Each structure stands twice: as C-alpha cells, then as structure tokens.
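Here the structure is a predicted model, which is why all the values come from computation and not from measurement.
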Amino acid sequence: LKLGEFELIDRLLKPLARGFPGALELEDDAALVPCAAGQEIVVAKDAIVAGVHYLPDDPADLVAGKLLRVNLSDLAAMGAEPVGYLTAFAVPRDLDQGYLAELVQGLARDQAAFGLHLLGGDTVTTSGPLVLTLTILGRVEAGTALRRSGARPGDLVMVSGTLGDAALGLRVLRGLAATEDETWFVVDRYRTPRPRLALGTRLRGMATAAIDVSDGLLADLGHILDASGVGAEIEAARLPLSTEALGLPRAVEAALSGGDDYELLFTLPPAELERCLVRAAEANVPVTVIGSITAEKGLVVRDASGAPMPTETLGWQHF
Ligand SMILES: [Mg+2]
C-alpha cells in the first residue's frame, strides 16, 4: 500500500464515526467518551492474524464482523452495553485494496446492528500477514459488572444457546466434515458469532460468575473455577446441541472442547433459576442447566450413565 491508499482507508473509516459526537469525525488527536456519574467504562481488546485466527479465504466482511462480534461478546460476559471501538490494522504491502473496502463494509454493517461507532484507529504496513486488532468500550452501572470470581458451591452451571456448532463449522471449512452446502448453519455459527448482550445485561445482580465461551466449555469453565476457588460437575447428556451439530460426528466432543461459540457460561444460585429463565426469554435466548458448582476443586464431566469422562483426552485441535 502507498501513502495515498492510507488516505483512502481513512476516508473509508470516517463514515463509521458519524453519529458519535465525541468521535470528532476522527479529525482530532483522540476521541471523547462521555461517562455518566455512577457508571464504569468497560474495555476489552482482541487481535486476529490471517491464517491463524481465520482462514485467508474467509470473506473479508465476515472476518471484520467477527472481530467486532467477539469483542462485543466480552462486553456481554461482563454484563456491559456497547459504546464504541477503535481499530488498528497492520496491512501487508501487497494486500488488495478491495479486501480492505470489504473489511470496512463488514464493520459498517455490524456496528449498525449492535448500535456502536468507530472512535479512532490506526493503519500501518507490515512485512507479515494481515493483523487486525480492535479495542471495544462499553458501559455498566458501577459495581454491577459480571465477574469470573463469584461462583459458590451449590450454584447451577448454565449456558446460553447451543455448544459445539462453531468448532464443527471450522471442521467443515477445513474439509474434515460434510460439504458446506449441507452444513451452512454450523459454518455460519463459526463465521458470525451472536454476542449475547441482551442476556448479559439481564444477568447482572443474578449470576454469580460469567464468561463467554471462546476457548471451549471446559477451558472457559476452568477459568471460572480457578477465579472462584471451586470445582464443578457437568452432565454431558445435558449439553445443549443443535440438531445440525447432532448430524455431524463427534458433536459432544465439540460441545465440550470446541471454541468460538461465544455463548455465555454462567453460574446461578438455584433460587434464581425461575427469574433467570424469565429474563432469558425476554432476551430471546435459551439457557440450559448443565451441572453444578462443588466445594471440591476440579472439573468432572459425567456421561449418561453417571461415569466420569476422561476430560484430559478431550483436547480440541485448533489450527
Ligand atoms: Mg472472553
């Protein structure tokens, strides 16, 4: 890319700041983010690298949309609402200009869908692969953000939506399972996560711990258990699987160990279950009880007969 092309990127990005007065049309040195009394700003960041975190022939608009959506999922896991985001792109010199225009189109579409704006960004050249980073800003009533550390023995372990779809979708895209035509649902689940923002905000004051499922159920539940100093028992038969996933091999393994589903995994005192189901219905997201928190540390997954499954062999190969 030549200097003039950076100006082109700036031109492409400026419309994404329109509608947020504090973005100052990206003309100033920094943006101004208003913060009402009694609120906290919630900040998260993700970086993705071509060929590592997404496939080089994934459609560019979907890659950019996924980057925004995985950051939104982190806000959902904290119970926060989105405010805005900043980008940094490291672009190889030989990258096609049309590809960048498609990236920006994906951001434009998804920022409109989720009601946030671009607040700033930077573009640099690199001798390596395309690297896209995004920092997201959200807001939450001070002191009410969901954390990983509050799970207590006796709490229910719950998850939104269905698990394993995205990992199966990735396998389809890598040619390891059926053709894409027959499995558009799981491929779409891999490429276009649905951040559970409406559920996350409703879990504040109710869930004792929460995280979004990015690395896989076992890994992410492990983060809650470590942070909370507790253990858990999960029943494999209760894992919510889509009918599409059930039609593919090794669906239960994908649900336990596959990443990229971006569902919310949370813990809840049993007395809150009824209220939680009502709030989840309001958010239009199914939630399922999959197990419970134990005082004894460690993570036990039981099969349908009640026997513990060997979780250490359930490692999932990322690429
Ligand atoms: Mg996360």
Side-chain angles (χ1 to χ4, degrees), residues 33 39-48 62 64-86 106-107 109-117 134-151 156-166 188-217 219-221 223-224 227-228 240 258-268 272 275-288 290:
V33 180
Q39 291 196 328
E40 288 174 308
I41 298 285
V42 183
V43 189
K45 184 187 197 75
D46 258 302
I48 55 174
L62 298 185
K66 183 169 178 176
L67 178 62
L68 185 57
R69 285 161 182 260
V70 302
N71 277 280
L72 286 163
S73 179
D74 280 330
L75 292 187
M78 300 294 286
E81 290 169 51
V83 172
Y85 66 99
L86 302 105
L107 290 175
R109 188 181 55 217
D110 283 348
Q111 74 167 43
F114 292 98
L116 72 170
H117 294 87
L134 194 148
T135 303
I136 200 157
L137 301 180
R139 63 165 71 98
V140 69
E141 213 180 298
T144 70
L146 301 172
R147 303 282 310 276
R148 298 177 178 183
S149 54
L156 303 172
V157 177
M158 302 189 61
V159 70
S160 65
T162 55
L163 292 174
D165 300 315
D188 180 63
R189 287 274 288 162
Y190 171 71
R191 285 179 162 165
T192 307
R194 269 54 174 191
R196 301 303 192 186
L197 291 154
L199 178 63
T201 55
R202 284 172 171 79
L203 290 177
R204 291 200 313 258
M206 191 159 53
T208 48
I211 192 170
D212 63 324
V213 180
S214 55
D215 298 337
L217 175 69
D220 290 315
L221 180 54
H223 295 315
I224 285 182
S228 301
D260 277 320
D261 284 316
Y262 297 100
E263 294 296 345
L264 289 188
L265 172 66
F266 58 97
T267 58
L268 190 79
E272 296 278 20
R275 185 160 73 113
C276 177
L277 294 175
V278 171
R279 304 293 268 156
E282 282 169 18
N284 217 5
V285 186
V287 292
T288 307
I290 59 169

Subject >> Worked verdict on Asp74 versus Lys45 for salt bridge (charged side-chain N to carboxylate O under 4.0 Å, His left out) >> reply: CA-CA 9 Å; Asp74 280 330; Lys45 184 187 197 75; over 6 Å; no
Subject >> Stepwise side-chain contact (heavy atoms from CB on, under 4.5 Å) test for Tyr85 and Leu137 >> reply: CA-CA 6 Å; Tyr85 66 99; Leu137 301 180; over 6 Å; no
Subject >> Full working for side-chain contact (heavy atoms from CB on, under 4.5 Å) between Glu81 and Thr201 >> reply: CA-CA 7 Å; Glu81 290 169 51; Thr201 55; 3.8 Å; yes
Original post:
Are Val83 and Ile136 close enough, and set up right, to give a side-chain contact (heavy atoms from CB on, under 4.5 Å), and what steps lead you there?
Top reply: CA-CA 8 Å; Val83 172; Ile136 200 157; over 6 Å; no
**OP:** Start with the C-alpha distance between Thr288 and Met158, add both sets of side-chain angles, then the distance that settles side-chain contact (heavy atoms from CB on, under 4.5 Å), and finish with yes or no.
**Re:** CA-CA 5 Å; Thr288 307; Met158 302 189 61; over 6 Å; no
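Under the salt bridge (Lys or Arg N to Asp or Glu O under 4.0 Å) criterion, the residue pairs touching residues 194-211 are Asp188-Arg194, Arg196-Glu263, Arg202-Glu282, with sequence neighbours excluded.
When all heavy atoms of Asp215 and Asp220 are compared, the pair lying nearest together is N-OD2, 2.9 Å. Of all non-hydrogen atoms in Ser149 and Ala209, the two that sit nearest each other are N-CB, 4.4 Å. Between Pro82 and Phe114, the shortest heavy-atom distance links the atoms CG-O, 3.7 Å. The two atoms that bring Ala77 and Ile211 nearest to each other are CB-C, 3.8 Å, heavy atoms only. Ala166 and Gly259 make their closest contact through CB-O, 3.7 Å (heavy atoms, listed as atom of the first residue, atom of the second, distance). Nearest heavy atom pair, residue Leu199 against residue Ser160, reads CD2-CB, 3.6 Å.
Separation of atoms OG1 (Thr144) and CD (Glu40) is listed at 7.5 Å; rounding is to 0.5 Å. Separating the CD1 atom in Ile41 from the CD atom in Gln39 is a distance of 7.5 Å, to the nearest 0.5 Å. The CG atom of Leu156 lies 9.5 Å from the CZ atom of Phe266; values are rounded to the nearest 0.5 Å. Here the straight-line distance linking atom CG of Leu265 with atom CZ of Arg148 works out to 10.5 Å at 0.5 Å rounding. Atom CG of Leu62 and atom CZ of Arg69 lie 9.0 Å apart (nearest 0.5 Å). In this structure, CG on Asp46 lies 8.0 Å from OG on Ser214, to the nearest 0.5 angstrom.
Annotation for Glu141: atom CD does not count as buried by contact number, only 12 or fewer foreign heavy atoms lying within 6.0 Å.
Contact check for Pro240 versus Ile290: side-chain heavy atoms found under the 4.5 Å cut-off. Taking 4.5 Å as the limit, every side-chain heavy atom of Arg279 sits out of range of all side-chain heavy atoms of Leu203. Using a 4.5 Å heavy-atom cutoff, the side chains of Val70 and Leu134 are not in contact. With a 4.5 Å cut-off on side-chain heavy atoms, Leu75 and Pro195 do not count as touching.
Under a 3.5 Å cut-off, the side chain of Asp261 and the backbone N or O of Gly164 do form a donor-acceptor pair. Looking only at distances, no side-chain donor or acceptor of Asn284 sits under 3.5 Å from a matching main-chain atom of Ala280. Side-chain atoms of Ser228 come within 3.5 Å of backbone atoms of Ala151 as a donor-acceptor pair (strictly under, hydrogens ignored).
A salt bridge is defined here as a Lys NZ or Arg NE, NH1 or NH2 lying under 4.0 Å from an Asp or Glu carboxylate O, and Asp110 with Lys66 fails to meet this definition.
Between the side chains of Thr208 and Thr267, at least one donor N or O sits under 3.5 Å from an acceptor N or O.
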